[in-house]
Amino acid sequence: YALSMAVYCTAWTFYGSVGRAVASGPSFLTIYIGPTLMIALGWLVLRKIIRISKTQHITSIADFIASRYGKSPTLGAVVSIMAVIGIIPYISIQLKAISRSFHLMIGQPDTIGIPAISNDTAFFIALILAVFSILFGSRHLDVTERHEGLVAAIAFESVVKLAAFLAVGIFVTYELHYGIRELVEQAKGVPQLENLFTLPSEAGAYTNWAFQIFVSMMAILFLPRQFQMAVVENINEKHLNKAIWLFPLYLLAINIFVLPIAIAGVNHFPGQPVDPDTFVLKLPMAENKIALTLLVFIGGMSAATGMVIVATIALSIMISNYLVMPVLLRLPFQQMSSRNDLSNVLLLIRWASIVLVVLLGYVYFRFIAEFYSLVSIGLISFVAVA
């Protein structure tokens, strides 16, 4: 349970944190300070949310918010619509991360623009992720909407991506260089790296820090996938006792080598058009470390696929319960309300919702996300949730 909450650490942790560190220095930490502060309140806030959800038979964040206002179906529908709009950008950056890393692995340049569907790797990745989402979480209906197999799978992929990131961090720090001290010495006098060790001084910087910490605190609880893993999938509130300390420890471990990798990447590719988001993959590739490169690719891919699967499952529950079924039950010519068994109809709606959400993420990726960094797009989802 504690490890499955690390679905928060998606593609931007695995790739984007390094790019954000190069671009903005220590402010990349705000995305992890917020969840750490919020999870520290888990014994009070999250435990109460879990208890309420069990009592009210809550199956999604839309259920939870609607239940606080008389189980309002209108409010639930509004929350569902906002969740879909807000999470589509987040799904798009997972497609971007997988597509870009795949192109790097096979030695092809990342295409800009809209290629033909038959040659578009991202499109086929989107279809595969939709199929996996259906197989993992929507093959059968469950009144509680719990998926213990999915929780185990997400926990396992969290271990894989942590192992991959630590492996490349140790390689860069202690094989390519003689430790962190040498990397810090190399960073001195390099304008692009000096901001890694200084807090921002420009006007409004601390307000920006406070805002990003706040939206990150909201995200760790109220992103649909986080609510799904932390609240809906919880089978015993005592598991929260371990999550309160293990989850922040995980965040610390997966970020401990961000700055060394950022420094090494800037020094290793001086003046070259290498995106800092790809340093984690490019550094072992440049040294012909095939096994490590493959491990990093698997870690990044597992991070992105885990997020997409959980997010689409959570969104499909909200779409079917609050946006589609209420309309179908009111249509006189369908006579849905008179049927004794709607399970097959509900399953088809959820499968269609998963495919629709993933394809909308693909469209967003091709028209918008392709031209922006991973972190800047991810923050859109954080703000939408807040």
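All values reported here derive from a predicted model rather than from experimental measurement. Values below: every heavy atom of this structure, side chains too, minus hydrogens, waters and symmetry copies.
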CD of Q94 to CZ of F365, rounded to nearest 0.5 Å, is 11.5 Å

Value rounded to 0.5 Å, distance of CD1 in I313 from CD1 in I134
10.0 Å

Check whether any side-chain N or O of T312 sits under 3.5 Å from a backbone N or O of I309 as a donor-acceptor pair, and report yes or no.
yes

Taking C-beta and beyond as the side chain, do F165 and I261 meet within less than 4.5 Å on heavy atoms?
yes

OG1 of T55 to CD1 of I50: how many Å apart, nearest 0.5 Å?
11.5 Å

Side-chain contact test, heavy atoms from C-beta onward, threshold under 4.5 Å: evaluate it for L37 versus I33 and give yes or no.
yes

Going by an N to O cut-off under 4.0 Å, is there a salt bridge joining R181 and E185?
no

Any donor and acceptor pair, going by atom type alone, linking the side chain of Y322 with main-chain N or O of V79 inside 3.5 Å?
no

Return the orientation label for the Y362 and F123 ring planes: parallel under 30°, perpendicular over 60°, tilted otherwise.
perpendicular

Looking only at heavy atoms, the pair that brings Y250 and V159 closest together is OH-N, 4.4 Å

Within the 4.5 Å heavy-atom criterion, are T293 and M105 side-chain neighbours or not?
yes

Quick one: does any side-chain atom of S381 pair with a main-chain N or O of G86 as donor and acceptor, under 3.5 Å?
yes

Kindly assign one of parallel, tilted or perpendicular to the pair Y1 and H239, based on the angle between their ring planes and the thresholds 30° and 60°.
tilted

Please confirm whether the backbone N or O of H147 pairs with a side-chain atom of E233, one donor and one acceptor, at under 3.5 Å?
yes

For the CZ atom on F269, are there more than 12 heavy atoms of other groups (residues, nucleotides or ligands in this structure) within a distance under 6.0 Å?
yes

Which heavy atom of L251 sits nearest to which heavy atom of P35, and what is that distance?
CD1-CB, 4.0 Å

Drop me the distance from I213's CD1 to L29's CG, to the nearest 0.5 angstrom.
9.0 Å

Heavy-atom side-chain contact between E287 and L292 under 4.5 Å:
no

Whether S158 side chain and L3 backbone form a donor-acceptor pair below 3.5 Å:
yes

How close do I39 and F247 get, counting heavy atoms only, and between which atoms?
CG1-CD2, 4.1 Å

Interatomic distance, R68 atom CZ to I52 atom CD1 [nearest 0.5 angstrom]:
4.0 Å

Start with the C-alpha gap between R47 and N234, add the side-chain angles, then the distance that decides, and say whether side chain to side chain donor-acceptor pair (under 3.5 Å) holds.
CA-CA 10 Å; R47 191 185 304 275; N234 180 276; over 6 Å; no

Looking at Q56, I want to see if its CD is surrounded by more than 12 non-hydrogen atoms of other residues, nucleotides or ligands under 6.0 Å.
yes

Does I106 CD1 have over 12 foreign heavy atoms under 6.0 Å away?
yes

All heavy atoms of P89 vs all of I380, minimum pair found to be CG-CG2, 4.1 Å

Heavy atoms only: give me the nearest A6-K161 pair and the separation to one decimal.
O-NZ, 3.1 Å

Among I87, I319, V308, which one satisfies side chain to side chain contact (heavy atoms under 4.5 Å, CB included) with V357?
I319

More than 12 heavy atoms of other residues, nucleotides or ligands under 6.0 Å from CZ of F124: is that the case?
yes

Please check if the side chain of S99 supplies one atom and the backbone of K96 the other of a donor-acceptor pair under 3.5 Å.
no

Taking K289 first and then E175, would you say they form a salt bridge - that is, a charged N and a carboxylate O separated by under 4.0 Å?
yes

Close side-chain approach of L252 to Y32, heavy-atom, < 4.5 Å
no

Compare every heavy atom of A230 with every heavy atom of M5, then report the nearest pair and how far apart it is.
CE-CB, 4.0 Å

Taking the inter-plane angle between the rings of Y8 and F382 on a 0 to 90° scale, is it parallel (under 30°), tilted (30 to 60°) or perpendicular (over 60°)?
tilted

I need the Q212 CD to L379 CG distance, nearest 0.5 Å.
5.5 Å

Is the shortest side-chain heavy-atom distance between V151 and M229 below 4.5 Å?
yes

